[in-house]
Each structure stands twice: as structure tokens, then as C-alpha cells.
Enquirer: 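Pasting a structure here, questions to come.
Counting begins at 1 with the first residue of the sequence.
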Amino acid sequence: MSCPDATAEPARAASSYVVEITDDPTEFLAAAEPHLALDPVLTTVVSTVTHRAARRAAEGAVRPPHPQWWAVVRDGAGEPGDIAGVAMRTAPFAPHPLFLLPMPDDAARALARALVGRGEEVAGANGCLPATQVFADEVARLTGGEAVIWEHTRLFELGDLVEPAAVPGGLRPATTADLDLCLAWFTAFAADAAEQAGRTVEDGVGEHVTAEDVLDRIEHHRVWLWEVDGTPVHLTGANPPSFGVARVGPVYTPGEHRGRGYASAAVAAVSRLLLEGGSRVCLFTDQANPTSNKIYQALGYRAVVDMANLAIR
């Protein structure tokens, strides 16, 4: 299983592709929205992150200190305006890996050369295969490094929701009073997911979140807690829909509450809310975590595509 083949064309030199980079999310959307809308499940990460960045910029939010830009790779040999692929660098956590959507191999190489050519240090890349692997390999070749896969991920889309077995408690939206708990669980999610897969967050590309990001999600009603007798035992988040697709995540149950069905119940409840709001629903899993993959498939989620998270060292 891989991303849609964007390389089924005669090989061309990377120089036949034109790379355009902007730090303005609204400018990027003006250029790339038709491309992103072609497959809104596959493009969910770029779409949701960029729409959130555009909203925050319009609200007057201070520009983040980390790298934040978007790239359009145009087919110089095609019709004017043809988009071969897109990428973004918006991750707030070191080493601020890129996220790439499908593009021909030579387009991915062109992007790598453009970034190295402008002196940008690139130590990680995430996204669709084979484009992400080709991009990382080219960066490594140009800089004398090595590209290694740190994490295999899988994108699922919900078909018909299958209700799980009933469990005690119920779902409620998180509030600002829950910020400290939610931040702790967002942070623990990344560390626990890595540990369960035999990795460590310190390996260099694990996701980290900030209090500002978690607060923004809470204030926009994108975080829910499963509560039993007044005690939160589980957290499920989701992103606002972009092009009619909403993405669930993170999904976290502290160790002492695992194995009791809370994750299944909460994900089902949040998924139902999103469906009732008119959205298609998707989520990502770590391929190295068979428990989560089994849970989501039992709820009616079906695999769409495999992706990878690479470190460039």
C-alpha cells in the first residue's frame, strides 16, 4: 500500500520543475486549494494545518519563532500553473520536519535542491511515499548525511461506524480548566506511542506540542475527555474539517486506565459527532502499534495509504 503514484510519467530532470516557497498561508491556499481539494483525505494534514495557520494569522496571532512556510512545486514542462506537488514546513517541534504530499520523484528532488540551495537545514521529513523518501535521500546526498525511516504511519478513513461495546462514563468537551491535564496527556501521547513502538522521542523526529496549541484546540472545541464518575480517563482530539474531511487525533488513555474500552468508546463518539456534522472522518496510526490499528478497524476505519516519518542525519 502506498500513496497514489505521482511518478507514472517519463523521467525528467529536476530542473524542469519550479519550486515556489511562501511564508503566507493565505497565499499558499490561493495557489494550492484546487490541488488539495482533489483528494481531501490524502491532503488532510496540509489542509488542516494551513487553514488553522491562516485563521490564526487573520486573528492577529504572533508569528511563530520556528520555520513556517509552504511550497508549491510546479511542472515547468506542463501547462502554466500545473502543480506537481506541495509541501510545508510548519512543525513547531525540532527538527521541524517537512510534510510532503505525492509528487513525481524529480519534483521531490527539485524541492530538496531548492532548500539546500538556499541554505536551509533539513533534518526530517514526513509524508507520502515514495516522495518523502526520494526527497530525504536527495537532501542526504547533497549534505553528506543519511536518511532513515523513524516511523511508519497509516492513514485510515471511516466507512460505516461500528458501535463498540458500552463502557462506564461518557464524553464531554474539554474546557480551559482542563488545559494542564490535556497538555500533559498530549505530551504523554507522543512519548508513550514512541515507547510502544520501541522508539524514543529523543530519536529526533517525535512530535511535541505547546500549551498555546492545546489551548487553541480546546477553545475551538476540538478536544474531548471521557469521564467516569467525574474523573477523566481518556482524551480524544480532532481537527476542524477541511474540504469536508475531519481528522481524529490524538487518542490517549493513561496506562492505569487502558484495556477497559475507553478509547473505542471515545473515538466512536467523536467520530459520530463529526459524521453528524457532515464530515468524512479519518485518522493516522503508527503501524508499529497493533492495538490501535485493531481498535480503529473494529470501529469501521479502513486503511487508505501508508506514509513514513524520516530523520536525515
Side-chain angles (χ1 to χ4, degrees), residues 21-25 28-29 32 36 42-57 61-73 85-101 103 108 111-112 114-116 118 120-129 131-133 135-136 139-140 145 147-153 155 183 186-191 193-194 197 199-217 222 237-240 242 247-250 252 283-286 307-313:
I21 298 175
T22 178
D23 61 4
D24 183 343
F28 170 77
L29 288 171
L36 297 174
L42 181 63
T43 65
T44 175
V45 173
V46 173
S47 297
T48 55
V49 168
T50 309
H51 280 120
R52 181 166 62 241
R55 170 181 59 77
R56 294 173 86 166
V62 176
R63 203 176 162 73
H66 58 79
Q68 180 174 279
W69 53 254
W70 292 261
V72 172
V73 184
V86 300
M88 66 179 185
R89 191 173 195 183
T90 61
F93 51 91
H96 312 294
L98 277 72
F99 194 96
L100 287 81
L101 290 178
M103 63 183 74
L111 177 61
L115 298 184
V116 172
R118 75 181 200 158
E120 187 149 348
E121 182 178 350
V122 179
N126 189 3
C128 215
L129 296 171
T132 304
Q133 181 76 65
F135 167 84
V139 170
V148 295
I149 292 181
W150 182 81
E151 178 185 22
H152 287 280
T153 58
L155 176 63
L183 178 60
F186 268 71
T187 302
F189 165 77
R199 303 184 303 268
T200 63
V201 172
E202 290 73 23
D203 280 337
V205 287
E207 183 172 357
H208 302 262
V209 296
T210 65
E212 179 185 20
D213 180 50
V214 176
L215 179 60
D216 181 76
R217 296 189 192 204
R222 297 287 111 188
N239 287 271
S242 288
R247 187 175 74 259
V248 172
Y252 180 71
L283 53 76
F284 278 95
T285 68
D286 184 338
M307 299 191 183
N309 194 350
L310 291 96
I312 305 169
R313 300 174 174 136

Enquirer: Supply the atom-to-atom distance Phe135 CZ to Leu129 CG, rounded to the nearest 0.5 angstrom.
Expert: 13.5 Å

Enquirer: Go through the steps to decide whether Ile21 and Arg118 satisfy the test side chain to side chain contact (heavy atoms under 4.5 Å, CB included), and finish with yes or no.
Expert: CA-CA 11 Å; Ile21 298 175; Arg118 75 181 200 158; 3.8 Å; yes

Enquirer: Taking all non-hydrogen atoms of both residues, which atom of Val86 and which atom of Ala32 are closest, and how far apart?
Expert: CG1-CB, 4.2 Å

Enquirer: Between atom OG of Ser47 and atom CG of Leu101, what is the distance when rounded to the nearest 0.5 Å?
Expert: 7.5 Å

Enquirer: Run Leu115 and Val139 through side chain to side chain contact (heavy atoms under 4.5 Å, CB included) and show every step you take.
Expert: CA-CA 9 Å; Leu115 298 184; Val139 170; 5.9 Å; no

Enquirer: Can you list the residues that meet the side-chain contact (heavy atoms from CB on, under 4.5 Å) rule with Thr285, with sequence neighbours excluded?
Expert: Arg154, Phe156, Leu283, Ser292, Asn293, Tyr296

Enquirer: Enter the distance from Phe284:CZ to Leu155:CG here, rounded to the nearest 0.5 Å.
Expert: 4.5 Å

Enquirer: Tell me the closest heavy-atom pair linking Ala108 and Ala131, and the distance in Å.
Expert: CB-O, 3.7 Å

Enquirer: Under the side chain to side chain contact (heavy atoms under 4.5 Å, CB included) rule, what do Leu42 and Cys128 come out as? Steps first, then yes or no, please.
Expert: CA-CA 9 Å; Leu42 181 63; Cys128 215; 4.1 Å; yes

Enquirer: By side-chain hydrogen bond (donor to acceptor under 3.5 Å, both in side chains), which residues pair with Asp23, not counting sequence neighbours?
Expert: none

Enquirer: Determine whether Leu98 and Thr132 make a side-chain contact, defined as any pair of heavy atoms from C-beta on separated by less than 4.5 Å.
Expert: no

Enquirer: Please report the shortest heavy-atom distance between Gly124 and Pro95, naming the atom on each side.
Expert: N-CG, 4.4 Å

Enquirer: Please say whether the positively charged group of Arg63, taken as NZ for Lys or CZ for Arg, lies over the ring of Trp69, i.e. under 6.0 angstrom from the six-membered ring centre and within 45 degrees of the axis.
Expert: no

Enquirer: Out of curiosity, Leu100 CG to Leu111 CG, how far, rounded to the nearest 0.5 Å?
Expert: 6.0 Å

Enquirer: Check side-chain contact (heavy atoms from CB on, under 4.5 Å) between Ile149 and all other residues, then give those that pass, not counting sequence neighbours.
Expert: Gln133, His152, Ala308, Leu310

Enquirer: For Tyr252 and Ala188, work out which heavy atoms get closest and say how close.
Expert: OH-CB, 3.4 Å

Enquirer: List the residues meeting salt bridge (charged side-chain N to carboxylate O under 4.0 Å, His left out) with Arg55, not counting sequence neighbours, and say none if there are none.
Expert: Glu59, Asp216

Enquirer: Go through the structure and list residues passing side-chain contact (heavy atoms from CB on, under 4.5 Å) with Thr50, not counting sequence neighbours.
Expert: Pro25, Phe28, Leu29, Val46, Trp70, Met88

Enquirer: Is there a side chain to side chain contact (heavy atoms under 4.5 Å, CB included) between Arg56 and His51? Walk through the geometry before answering.
Expert: CA-CA 9 Å; Arg56 294 173 86 166; His51 280 120; over 6 Å; no

Enquirer: Hey, is the main chain of Ser242 close enough, under 3.5 Å, to the side chain of Arg247 for a donor-acceptor pair?
Expert: no

Enquirer: Side chains of Arg217 and Asn239: donor-acceptor distance under 3.5 Å anywhere?
Expert: no

Enquirer: By the salt bridge (Lys or Arg N to Asp or Glu O under 4.0 Å) test, which pairs, at least two apart or in different chains, include something from residues 85-98?
Expert: Arg89-Glu120

Enquirer: Mind checking whether His66 and His96 have parallel, tilted or perpendicular rings, split at 30° and 60°?
Expert: parallel

Enquirer: Indicate yes or no: at least one non-hydrogen side-chain atom of Thr210 is less than 4.5 angstrom from one of Leu183.
Expert: no

